[in-house]
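Before any comments, here is the structure.
Residue numbers start at 1 and run along the sequence shown.
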Amino acid sequence: MSQPNAPQGPTDSQGDAAPDFTRRSRAAQAMGRIEPETRAVVMPLHVSTTFIRDPDNGYSSGYSYARPDNATVREAESVLAMLEGAGAGALLFGSGMAAATAVFGALEPGDHVVAGTVMYWALKRWLREEAPRRGLALTFVDTDDLDALRAAIEPGRTKLVWIETPGNPLWTITDIAAAAGIAHAAGARLTVDSTAASPVHTRPLECGADIVMHSATKILNGHSDVVAGVLAGARTDAFWERIRSIRAGSGGILGPFEAYLLMRSLRTLHLRAAAQAAGALRLAERLSGHPNVARVLYPGLPDDPGHAVARRQMRDGFGFMLSIRVAGGEAGAIATAARVRLWKRATSLGGVESLIEHRASVEGPGSPCPPDLLRLSTGIEDTDDLYEDLDRALRGAHGG
């Protein structure tokens with residue numbers, strides 16, 4: 001059977017190998033593949049669950065059954081692997097949580113994990129509940145503090161360091177290259193949740209990470225109509241093959257229709273990511289001077305604590321996510337969210353529509369999220385409209 005998702009180069013309309021075009025060009029044309037029978041420029045949706053054996057009982061097509069593999073999924077995986085520069089390829093899962101938990105599932109009982117204090121709350125909660133049941137030891141640390149990260153690692157016992165950068169919802173920045181050096185010196189792997197950056201802005205594998213994870217539900221898909229997750233690996237080794245086996249055995253693969261929609265979205269990723277990052281920066285700059293905003297959290301601002309590191313490891317912008325701490329505390333934040341009209345009060349992030357959420361209400365006790373914080377996911381609406389909507393809401397919440 002052929003390698004399920006090894007990166008493949010684009011071809012031109014004659015089927016010949018194309019020059020080494022940029023990632024943006026290859027993504028826009030979904031690797032430039034042409035459907036061989038009809039010569040269509042959009043590859044078909046493959047929904048079959050089973051495939052015919054050869055007379056010798058083999059599967060020369062490379063496909064046997066849909067639970068471990070699917071042609072439409074492979075197409076999307078190849079684009080994602082190309083975007084990340086993944087030597088091992090990419091694996092698509094039915095959700096970001098399915099992708100993340102497969103990494104932890106590949107560890108052995110007794111292994112020690114170091115993870116960030118600031119990270120996706122649902123995964124942090126899962127780790128607290130499930131890691132002990134699986135025999136994993138767990139330490140949470142502020143990974144942007146490299147001395148603290150180094151002190152948390154137990155050489156020989158720590159097998160995985162998990163960082164999220166920018167870290168949701170405070171948007172703290174962790175130095176990926178430095179974290180990789182610390183992890184590797186202790187014999188551990190580094191996995192980076194890069195959901196809030198996307199490969200347009202950050203490619204963790206090029207910074208030394210071993211695995212990069214995305215909730216593809218977010219900006220990779222960008223239209224709030226697909227739930228998906230992806231892992232991309234720097235190399236094919238026993239750990240990566242263990243993850244692949246977990247996906248096949250658990251049935252965690254993404255469905256073909258969702259993969260088809262994701263492929264559609266990846267073709268416009270660079271345009272959306274650039275527009276959303278530019279909008280986020282403009283909003284962050286304007287909100288920094290707002291009388292009802294105590295603080296803006298965004299790594300693109302020069303006075304942000306993570307700005308210098310972000311400038312080194314991010315390109316073409318600083319992402320689409322920011323948070324504001326509202327004057328008036330929790331009551332002021334909730335009242336502001338209640339007054340918006342253009343922003344949508346909803347969970348998730350990365351879509352073309354702008355979302356606002358009071359995260360402390362969602363995360364509950366134990367959250368590192370301040371009660372006065374509103375998380376903002378910048379879409380592609382007119383930035384002046386977005387600012388004016390927030391301005392009216394902020395002033396209205398404070399009697400203005």
- Message: Pairing donors with acceptors under 3.5 angstrom, does anything connect the side chains of Thr165 and Thr174?
- Response: no

- Would you mind reporting whether Leu355 and Ser348 have side-chain heavy atoms less than 4.5 Å apart? yes

- Item | Exercise: identify the closest heavy-atom pair between Leu127 and Ala115 | CD1-CB, 4.4 Å

- Message: Would you call the rings of Phe318 and Tyr298 parallel, tilted or perpendicular, taking 30° and 60° as the class edges?
- Response: perpendicular

- Closest heavy-atom contact between Pro169 and Arg359? CB-CG, 4.1 Å

- Task: Verify the distance criterion only: is there a donor paired with an acceptor across the side chains of Ser60 and Asp54 at less than 3.5 Å?
- Result: yes

- Item | Minimum heavy-atom distance Asn221-Leu261, with the two atoms named | OD1-O, 3.8 Å

- Do Asp384 and Arg286 meet the salt-bridge criterion of a basic N to acidic O distance under 4.0 Å? yes

- Item | N-O pairing of Arg74 and Glu77 below 4.0 Å | no

- Quick one: does NZ or CZ of Arg244 land under 6.0 Å from the six-membered ring centre of Phe239, within 45 degrees of the ring axis? no

- Query: Sub-3.5 Å donor-acceptor pair from the side chain of Arg247 to the main-chain atoms of Leu92, do we have one?
  - Reply: yes

- Same apolar cluster: Met97 and Trp121, side chain cutoff 4.5 Å: no

- Query: Between CD1 of Ile173 and OG1 of Thr143, what distance do you get to the nearest 0.5 Å?
  - Reply: 10.0 Å

- Message: Any donor-acceptor pair under 3.5 Å linking the side-chain atoms of His290 with those of Asp391?
- Response: yes

- Task: Please assess Arg125 against Arg128 for the test side chain to side chain contact (heavy atoms under 4.5 Å, CB included), listing each intermediate value before the final yes or no.
- Result: CA-CA 5 Å; Arg125 183 174 57 202; Arg128 284 174 166 166; 5.7 Å; no

- Could you tell me whether Arg264 and Asp225 have a side-chain N and a carboxylate O separated by less than 4.0 Å? yes

- Message: For a side chain to side chain contact (heavy atoms under 4.5 Å, CB included) check, start with the C-alpha distance between Val113 and Thr158, then their side-chain angles and the critical distance, and finish with the verdict.
- Response: CA-CA 6 Å; Val113 175; Thr158 302; over 6 Å; no

- How many angstroms lie between atom CG of Leu301 and atom CZ of Arg295, to the nearest 0.5 angstrom? 10.0 Å

- Query: Between Val326 and Val293, is any pair of side-chain heavy atoms under 4.5 Å apart?
  - Reply: no

- Message: With heavy-atom distances below 4.5 Å as the criterion, would you say the side chains of Pro299 and Trp171 are in contact?
- Response: yes

- Task: Decide yes or no for Val192 and Met213: does some side-chain heavy atom of the first lie under 4.5 Å from some side-chain heavy atom of the second?
- Result: no

- Quick one: which residue pairs count as a side-chain hydrogen bond (donor to acceptor under 3.5 Å, both in side chains) with a foot in residues 270-280, not counting sequence neighbours? Thr268-Arg272

- For the residue pair Leu269 and Leu83, establish whether any side-chain heavy-atom pair is separated by less than 4.5 Å. yes

- Task: Nearest 0.5 Å please: distance from the CE atom of Met43 over to the OH atom of Tyr260.
- Result: 10.5 Å

- Note on the structure: On a heavy-atom basis, the closest approach of Ala393 and Thr336 is CB-O, 3.4 Å

- Task: Tell me, with the steps shown, if Thr378 and Leu322 meet side chain to side chain contact (heavy atoms under 4.5 Å, CB included).
- Result: CA-CA 8 Å; Thr378 309; Leu322 67 151; 3.4 Å; yes

- Note on the structure: Output for pair (Glu258 CD, Thr217 OG1), nearest 0.5 Å, gives 10.5 Å

- Taking side chain as C-beta onward, heavy atoms only, is Val212 less than 4.5 Å from Leu231? no

- Message: Looking only at the side chains, is there a donor atom on one of His46 and Glu75 sitting less than 3.5 Å from an acceptor on the other?
- Response: no

- Message: Quick check on the hydrophobic clustering: are Leu160 and Met119 connected, directly or via other members, by side-chain heavy-atom contacts under 4.5 Å?
- Response: yes

- Note, Thr22 side chain near Arg24 side chain (heavy atom, < 4.5 Å): yes

- Message: Applying the side chain to side chain contact (heavy atoms under 4.5 Å, CB included) criterion to Ile182, which one of Asp147, Leu146, Leu190, Val161 satisfies it?
- Response: Leu146

- With distance as the sole criterion, is a donor-acceptor pair present between the side chains of Glu241 and Thr236 under 3.5 Å? no

- Query: Between atom SG of Cys369 and atom CD of Glu357, what is the distance when rounded to the nearest 0.5 Å?
  - Reply: 9.0 Å

- Task: State whether Glu285 and Arg282 are salt-bridged, where the test is any N-O pair (Lys NZ or Arg NE/NH1/NH2 against Asp/Glu carboxylate O) under 4.0 Å.
- Result: no

- Message: Grouping I, L, V, M, F, W and Y whenever their side-chain heavy atoms are under 4.5 Å apart, do Leu281 and Leu297 come out in a common cluster?
- Response: no

- Task: Kindly confirm or rule out a cation-pi arrangement of Lys218 over Tyr120, judged by NZ or CZ under 6.0 Å from the six-membered ring centre and within 45° of its axis?
- Result: yes

- Would you sort out whether Trp126 and Thr101 count as a side-chain hydrogen bond (donor to acceptor under 3.5 Å, both in side chains), showing the intermediate values? CA-CA 9 Å; Trp126 183 91; Thr101 56; 5.4 Å; no

- Query: Does the pair Arg312/Asp175 count as a salt bridge with the N-to-O cut at 4.0 Å?
  - Reply: yes

- Do other residues, nucleotides or ligands put more than 12 heavy atoms under 6.0 Å from the CZ atom of Arg315? yes

- Say whether Trp162 and Leu107 are linked into one hydrophobic cluster, either directly or through other cluster members, by side-chain heavy-atom distances under 4.5 angstrom. yes

- Would you tell me whether Asn168 and Arg375 have side-chain atoms, one donor and one acceptor, within less than 3.5 Å of each other? yes

- Task: Start with the C-alpha distance between Ile163 and Asp193, add both sets of side-chain angles, then the distance that settles side chain to side chain contact (heavy atoms under 4.5 Å, CB included), and finish with yes or no.
- Result: CA-CA 6 Å; Ile163 67 174; Asp193 180 343; over 6 Å; no

- Item | Non-hydrogen atoms of Leu374 and Ala337 that approach each other most closely | CD2-CB, 4.0 Å

- Message: Can you see whether Thr139 engages His112 through a side-chain donor-acceptor pair at a distance of less than 3.5 angstrom?
- Response: yes

- Task: State which residues pass side-chain hydrogen bond (donor to acceptor under 3.5 Å, both in side chains) with His358; sequence neighbours excluded, sorted by chain then number.
- Result: Ser361

- Message: According to side-chain hydrogen bond (donor to acceptor under 3.5 Å, both in side chains), does anything in residues 364-373 pair up with another residue at least two apart or in another chain? List the pairs.
- Response: Arg325-Asp372, Glu363-Ser367

- Message: Does Phe257, at its CZ atom, have more than 12 non-hydrogen atoms belonging to other residues, nucleotides or ligands within less than 6.0 Å?
- Response: no

- Message: Which heavy atom of Val340 sits nearest to which heavy atom of Arg345, and what is that distance?
- Response: O-NH1, 3.6 Å

- Should Ile176 and Leu149 be regarded as members of a common hydrophobic cluster, given that ILVMFWY residues are connected when their side-chain heavy atoms come within less than 4.5 Å of each other, either directly or indirectly? yes

- Indicate yes or no: does Arg23 engage Glu206 in a salt bridge with an N to O separation below 4.0 Å. yes

- Message: Assess, by modelled atom type and distance only, whether the side chains of Gln313 and Thr202 contain a donor and an acceptor separated by less than 3.5 Å.
- Response: no

- Task: Please test Thr117 against Asp142 for side-chain hydrogen bond (donor to acceptor under 3.5 Å, both in side chains), starting from the C-alpha separation and ending with a verdict.
- Result: CA-CA 5 Å; Thr117 302; Asp142 291 332; 3.2 Å; yes

- Message: Just verifying a value: how many Å separate Trp343 CH2 and Ser377 OG, rounded to the nearest 0.5 Å?
- Response: 7.5 Å

